[in-house]
Each structure stands twice: as structure tokens, then as C-alpha cells.
A.B. asks: 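Quick one: the structure is below, and I'll ask about it shortly.
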Amino acid sequence: MPLTRITRRSALAAAASIVGSGAVARLAGVRTGTAFAAPGAAPTAGMDMGAMPMRSGFAEGRTTVDPRANGFDPMKILRDFDWGKTRRLASGRVLREWEIVAYDKEIEVVPGVKLTAWTYNGRVPGPTLRCRQGEALRIRFVNAGSHPHTMHFHSIHRDVVDGVPGIGRGLIDVGDRFVYELDAEPFGLHLYHCHAEPLAEHISKGLYGMFIVDPKHGRADADELVMVQNAFDSIFEGDNNIYAVNTVAFHFFYHPIRVKRDSLVRIYLLNIVELDPINSFHVHGNFFHRFPTGTSLEPSEYTDTIIQGQAQRDILELRFPYTGTYMFHAHKTEFAELGWMGMFEVV
Ligand SMILES: [Cu+2]
């Protein structure tokens, strides 16, 4: 096991040159900067997470990838909800429709590290599909990729639209299309992903997205944020070596998420990471209410750290009482070191 860990860590180090200056500049701007050690200093108690990006640094001195080259921006994905197109059926019920195209695309997941992803609509994660409980949903799926794929929804539906090989239409071949029809049930925070075999490969290459079913009467107004925890195996060793929220490692560390003091912030948090048994989320200087799977309007817990297995998801609600800069990251130190960390900037 120690050998594996060394391999994974040295993978990112090898992909990235030791620059660090960007990270140092970033950290210098942190109000609580005294909590962090000087570059190159050994970590000491109380500054565990802060020093790590300084040690890794990135290729070409860049601290982020070009969203135009990738075709998507982790920051925009945060607040990007795809409501599709609606029309009213003769019954009076709302029909909501989307078109989803699967295709291969090269993406950069950390500066200097590119890989060929399998995407829904050219982005990883795929679009955040959002609807209201009770609606009729129609997803027009086109496979323009290089392998047979499917769309498998976590929802209550008939087997023939389950998107699983051998049941109903099953695999959708390259160049083929299929229309998935399901009901928006139950309300909550769900997901969709490809269910072709080998499953781990189809998921880890990028075929997943969030699926939000709002309760009939909605939820309180809030600054809503989509966070899909994902990971990549960029050197094909059967193990992840890059971790992120919304695909680009360290993105929200270098580009803090700006939120307003005392305002309600609602985080839609999903863990889709393959190859690791668990993931976790921790926020600094605050606590949040946890709504597991978003299927109840009553929170189950008031905490600052949660654990999620794959496909587990939670709605988290919090307000920041103080302005300032607050980290959030996986409380799985290895993942945080390999990219899963970010900052809230409370104004
Ligand atoms: Cu697939």
C-alpha cells in the first residue's frame, strides 16, 4: 500500500513542475495567511491543508486550465442548471425535454494534464438536469461517442428505461439514439450516469451528471451551488491520481467561490468517484444542515464534515456569519493534496 501511495503522489508531481509561486501569491492574499507556513516548509500541526498546493505547483506556472479550451468552466458549472424545454400535455401535466449527446473530448483536468474524456454534451460533469416533482421527463439521447453507452437515472422508473445492458433497449450503439421517458420522482438530489460495461471505465471517463428533482413547492431561495466530486486516473494505472470538484483540480482554491455573508447557501453535493471507497466534504469556520439525498425537507444532521460513498449525495445548507476566506476540502488528506480543495470568499 505505501508503494501505491508514493506512485499516486509522484504522478501528479511528475506531471507538474515545481513552480509554486502562483500558489504562494494566492495564499498571501488569504486573510488568515499567518496560518500557513512559508513555501517549502514542512507541514506543522494547524496548517495541514494550506501548504499542499504550494508543494505541488503546476506546469507552465499556470494555476488553472483554460475554460475555453475545455468548453466548460468549473465556476460556471457551480450555478448552471439545465431546465430543458417544457410544454403542457393535454392532461395538463408538464412535459420537460432535453437532448443529450455523448461524445469523446480531450479535457485538461489540471494544468498540463490532458486526457480523453467520454462526455455528455461535451462537459464533465454532464449538464445538471433540473425539474419539478411530478413532471413527465423525456431525454433524447444520441451516442456520438466511440463506444456503446447508456443513460441510467437514479429515480423511480420502469426497467425498460433503466439504461442497463440487456434490459429494454439496453446499450445504445455508436451512431444510435434512444429516448428515455420517466417521471420526476422522487424529489431530491439524484444523478445519472452511463451503465455500460466495464462500469468503472465508463463512469471514470466522465459520463455522469447531477439530476435534481425539486419538491412541488420548491425550496427557500438560496445561492445554489453544484459540486460534483470526481477523480481521474491520468496515467492508467487503475488508480486515481487527480481529485476535484467539478473536474479541475484545485480550481476553487485559486478561484474562490464568492458568497454573501448571512445569505443562505445551498450546496448540491454528489460523489461520483470510482476506484475509491469513500469521499468526504469539510468546510472551515462553519457548520451546515445535511439533507441526505435531498428527499426530506428536514435535515438529519448539523455538522461540518460528511462522508459519501459513490453515488451518495446530500444537500447542504449553511450561512456564513463572518466575512473572510474559508477552505473547503475532502477530509481525506490524500484527496485534498491531489486537488480536492477550494475556498469560499465571504463578502
Ligand atoms: Cu458508457
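Order of appearance sets the numbers: ligands from 1, and atoms from 1 within every ligand. Position 1 is the first residue of the sequence; numbering continues from there.
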A.B. asks: Hey, which N, O or S atom on H202 ends up closest to the Cu ion (ligand 1)?
C.D. replies: ND1

A.B. asks: Please check: side-chain N/O of W98 versus main-chain N/O of D82, any donor-acceptor pairing under 3.5 Å?
C.D. replies: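 Yes, because the side chain of W98 sits within donor-acceptor range (under 3.5 Å) of the backbone of D82.
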
A.B. asks: List the steps, then state whether side-chain contact (heavy atoms from CB on, under 4.5 Å) holds for T293 with H190.
C.D. replies: CA-CA 7 Å; T293 322; H190 312 310; 4.0 Å; yes

A.B. asks: Kindly confirm or rule out a cation-pi arrangement of R169 over F178, judged by NZ or CZ under 6.0 Å from the six-membered ring centre and within 45° of its axis?
C.D. replies: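 Verdict for F178: no cation-pi partner in R169.
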
A.B. asks: Would C194 count as a contact for the Cu ion (ligand 1), in the sense that one of its N, O or S atoms lies under 2.8 Å from it?
C.D. replies: yes

A.B. asks: What N, O or S atom of H149 is found closest to the Cu ion (ligand 1)?
C.D. replies: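 Relative to the Cu ion (ligand 1), the closest nitrogen, oxygen or sulfur of H149 carries the name ND1.
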
A.B. asks: Are a donor atom and an acceptor atom from the side chains of H193 and H202 found within less than 3.5 Å of each other?
C.D. replies: no

